[in-house]
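Working notes, beginning with the structure itself.
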Amino acid sequence: MDPNDLLLARNSMCEILDKERGGGLDALLRDEYWLEFLDEDEQLAVSSLFEAQGQKLSNESGIDLLVRKKLEQDSKPVSVLFPSTATGCLEASGVMQGDRVLLDGIIFNAVRKQIVFPAIDGASRIKVFQVQVDVGGLAFSNVGGIDGGVEIIRLQGEVLLRDCLELSVDWNFAEVSARRAIAHELLAMAEVMLEKASEHVTERKQFGRALGAFQVVRNSLADVHVAIEGSRDMLRVAFQEQDRIAAMVAKAQAGRAALLAARHCQQFCGAMGWTWEFGLHHYVRRTKFIDSVLGSSDSLTRMIGKELLAVGSAPTFSYYMKDNS
Amino acid sequence: MSNLTQIRNRIRQWIETNSDQLSELRSVSQGQLEDSIPKGLKLQKLLGDAGWIRAGWPESVGGLEGSILNRAVMYDELAQAGIAIPQTMEFVEIVGPMLVRYAPHIAAEELPLVFKGERAWCQGFSEPGAGSDLAQLTTKAIPDGDGYRITGQKIWTTYGHMAQRCGVLARTGDKDSAHRGLTMFWVDMSLPGITVRTIQAANGRNEFCEVFYDDVYVDKSRVIGEVDGGWGCAMFLLQFERGIYAWMRQATLHKELNHALKLCDAKDAKGWEEALGSAYMVLATLRARCWNTVQQLAKGIPVGPQASIDKLLLGASETQVMDVISNMLSDYFLLGDCIEAKSLRDGWFLSRAATIYGGAAEIQRQIIADRLLILPRGK
């Protein structure tokens, strides 16, 4: 993927996201042929949309439409129930227990007629189900939480297994796409925060020189740049490999890069950076929240370690066997 | 099927066919360098005879043409088969391209010997007074008739006592010429006036040397590139240190991690999942990054300051991977006395140097700050 192509597509997405959306982001993306774009070039479609989202701190997310498309549910009136580390289980938003399923997860943008959710059973297998929102036993709450700028709804409750329809779809397939998408959103925010920090340390002077001339500041911001660029390289592999571990690594690395950017940006922007007006906190809030969806960088890191131990080897990605791009 | 897939399959086939011979040469980098380097040269010869290390070099130097990517595939496959890459190959990959580009007549003499496992190289850059601040080096090369007389002292010359030739950076300009007055010379280590003294590293091995040059005469045909153009040669060489050398290292680190995962049991590993996940993540990221850089090198596209990102990822991978291995196998690592335990300790200590050699991590960060982030500079 050419960096120039990404830049152009990203600018294009930013313009699209600025448009009026009477019918919500879902309708807007459909009208702008984003689903067709996704079919044509997933890497470009996903990276440009989600980086634009991150840059603009969009209040709605394309993650719901993306996952529905991957689960072949995009033309139905469904909303996806996403697992978040915040709600306790990073693999599924439903836990199967006997004849019932316990639900706790996050819905993006709006609640439609049905919910589609991944549920984990006693043998740690993931199955995907669909249930009517008016089935009873479900509590929906609009979430403010840490990030008041994002439209999310929390769903908690219990349903009977017999009221759920099992879908023969591949959650793993959708999860890989979703993790890559979130990684791009995190990277865009990391870049914004690095840019803010760089501007500040260039202008702000103390002890007769710009803050950015001090080695500790330069070294720390260089580390942020390395984390971001390394994540970009890993994301490229994750798109080529279509592999669960590659996507986990890419998302976890992007989350780390964004959290590192947040930490150093806050530190070097000093008291000014800690004010509401400075605006850094918006990116910090979004980073903390979106990092948690489908597994925070910390929990994914542990999960990767566990998998390596279970398998007894460290996989090497063989993307170079495919056409170079 | 892609060309690289075909090459991979052929190498795997070759490794299997030659498994008996290879099993004797499997752990060539273990033990003292005085043992490991000659063993490594045997493996190097085997790889040269089979053609694998000749891929990507021009025919004029005994190569088989093709791409550096073919050799990259080879390193991956050797590591995945648990075969240690000969230590001497590190310098072939780092220094070789510079010879081909700036001194093809020297490359044509040297590489055929390298492919036969009869030649080891080293690099004479750092000095006691010029490490990170390399441009201040003072080893001088004074013109004398049809050549130059080199006088000075180099330090940290890796494998210096086991090498026959050295790429020496010396000053041909005046004392204030900094990086503009440097020339790269190809020096025969058996010349009169050269004294090599080994330096024992923290791991107990003679990893490097001090080399004293006392009025050593080298013919002008041994100048690499242009007189006073040595810095450019060094910068050209560094791209390969960042690219293909890092690729070799990621292959080896995957091998080490795989080996450790096979050796350790659930009890050993308990509590180390996060460190393991973290080490694997940075290693996988390094691999992704290096492959991109090696592709650039294959296309002849100059790798600029972005290479500092590769170098920092390499340092982080070396430290984190070796740390987690030492922790997962702590019984062995701390208390073991067999050759494998010693080898693990050697490798762990070597990983402490990974953020120091070839351009310290602080310098890489400085390059990123200056040239990529364009941050303000000091007074």
Side-chain angles (χ1 to χ4, degrees), chain A residues 194 198 201-203 205 208-215 217-227 229-238 245-246 248-250 252-253 256 297-298 300-324, chain B residues 1-2 4-5 8 69 72-73 76 79-80 250-251 253-254 257-258 260-262 264 266 269 272-292 295 306 308-309 312-313 316 324 328 361-362 364-370 372-379:
Chain A
L194 177 57
S198 301
V201 304
T202 299
E203 283 157 23
K205 290 177 173 50
R209 67 195 79 159
L211 290 192
F214 290 92
Q215 194 171 55
V217 174
R218 308 172 109 238
N219 282 4
S220 304
L221 294 184
D223 283 343
V224 174
H225 185 72
V226 171
E229 293 303 307
S231 294
R232 283 200 178 285
D233 288 305
M234 192 59 220
L235 256 175
R236 226 183 348 98
V237 169
I245 293 197
M248 282 163 67
V249 172
Q253 285 292 74
R256 280 190 171 187
S297 40
D298 283 340
L300 286 175
T301 302
R302 266 194 301 277
M303 211 161 119
I304 290 164
K306 280 203 181 105
E307 293 212 18
L308 260 49
L309 285 166
V311 168
S313 69
T316 45
F317 299 115
S318 59
Y319 45 87
Y320 63 65
M321 295 302 153
K322 302 173 180 125
D323 289 331
N324 296 333
Chain B
M1 194 189 285
S2 87
L4 293 178
T5 312
R8 181 196 67 181
L69 298 180
V73 171
D76 230 26
Q80 290 193 41
Q250 70 75 30
L253 289 169
H254 274 99
L257 199 51
N258 271 320
L261 284 167
K262 283 183 179 60
C264 85
W272 295 111
E273 294 92 350
E274 184 166 342
L276 179 58
S278 186
Y280 178 74
M281 277 160 51
V282 70
L283 180 59
T285 301
L286 172 69
R287 181 178 169 83
R289 176 96 194 159
C290 278
W291 180 252
N292 209 37
Q295 282 186 288
Q306 281 79 8
S308 292
I309 293 166
L312 285 169
L313 286 172
V324 78
M328 289 195 311
E362 288 66 30
Q364 305 313 318
R365 291 181 174 104
Q366 182 162 288
I367 292 169
I368 290 171
D370 285 342
L372 299 180
L373 300 179
I374 329 279
L375 293 178
R377 303 190 188 203
K379 47 177 167 19

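Lettering of chains follows the sequences in order, A, B, ..., and the numbering in each one begins at 1.
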CZ (R232(A)) and CD1 (I309(B)) are apart, to the nearest 0.5 Å, by 11.0 Å
With a 4.5 angstrom heavy-atom cut-off, is it the side chain or the backbone of Q366(B) that approaches chain A, or both, or neither?
both
Considering only heavy atoms, which portion of L194(A) lies under 4.5 Å from any heavy atom of chain B: side chain, backbone, both, or neither?
side chain
Which heavy atom of R365(B) sits nearest to which heavy atom of D223(A), and what is that distance?
NE-OD1, 2.7 Å
Nearest 0.5 angstrom please: R302(A) CZ to S278(B) OG, how far?
11.5 Å
Contact winner vs chain B - A210(A), P315(A), A310(A), heavy-atom pairs under 4.5 Å
P315(A)
Do you know the tightest heavy-atom contact between E273(B) and L309(A)?
CG-CD1, 3.9 Å
Between I367(B), D370(B), L286(B), who has the most heavy-atom pairs with chain A when the cutoff is under 4.5 Å?
D370(B)
Value rounded to 0.5 Å, distance of CG in L373(B) from NE2 in H225(A)
5.5 Å
Side chain, backbone, both or neither: which part of Q215(A) has a non-hydrogen atom closer than 4.5 Å to chain B?
side chain
Work out which heavy atom in R236(A) is nearest to a heavy atom in A288(B); give both atom names and the distance.
NH2-O, 3.4 Å
If you measure from CG on N292(B) to CG on D233(A), what distance do you get to the nearest 0.5 Å?
5.5 Å
Rounded to the nearest 0.5 Å, how far apart are OG1 of T316(A) and CG of L253(B)?
13.0 Å
Verify, without hydrogens or angle tests, whether N258(B) (side chain) and A314(A) (backbone) share a donor-acceptor contact under 3.5 angstrom.
yes
Separation between CZ of R256(A) and CE of M281(B), rounded to the nearest 0.5 Å
4.0 Å
Where do E274(B) and T301(A) come nearest, in terms of heavy atoms and distance?
O-CG2, 3.4 Å
Of the non-hydrogen atoms in F317(A) and A284(B), which two are nearest, and what is the gap between them?
CE1-CB, 4.0 Å
Which portion of L300(A) sits near chain B, non-hydrogen atoms under 4.5 angstrom:
neither
Select, from I304(A), V311(A), L308(A), the one with the greatest count of heavy-atom pairs under 4.5 Å involving chain B.
L308(A)
On a heavy-atom basis, which atom in A213(A) and which in R377(B) lie closest, and how many Å separate them?
CB-O, 3.4 Å
Hey, mind stepping through V237(A) and R287(B) against side chain to side chain contact (heavy atoms under 4.5 Å, CB included) and telling me if it holds?
CA-CA 10 Å; V237(A) 169; R287(B) 181 178 169 83; over 6 Å; no
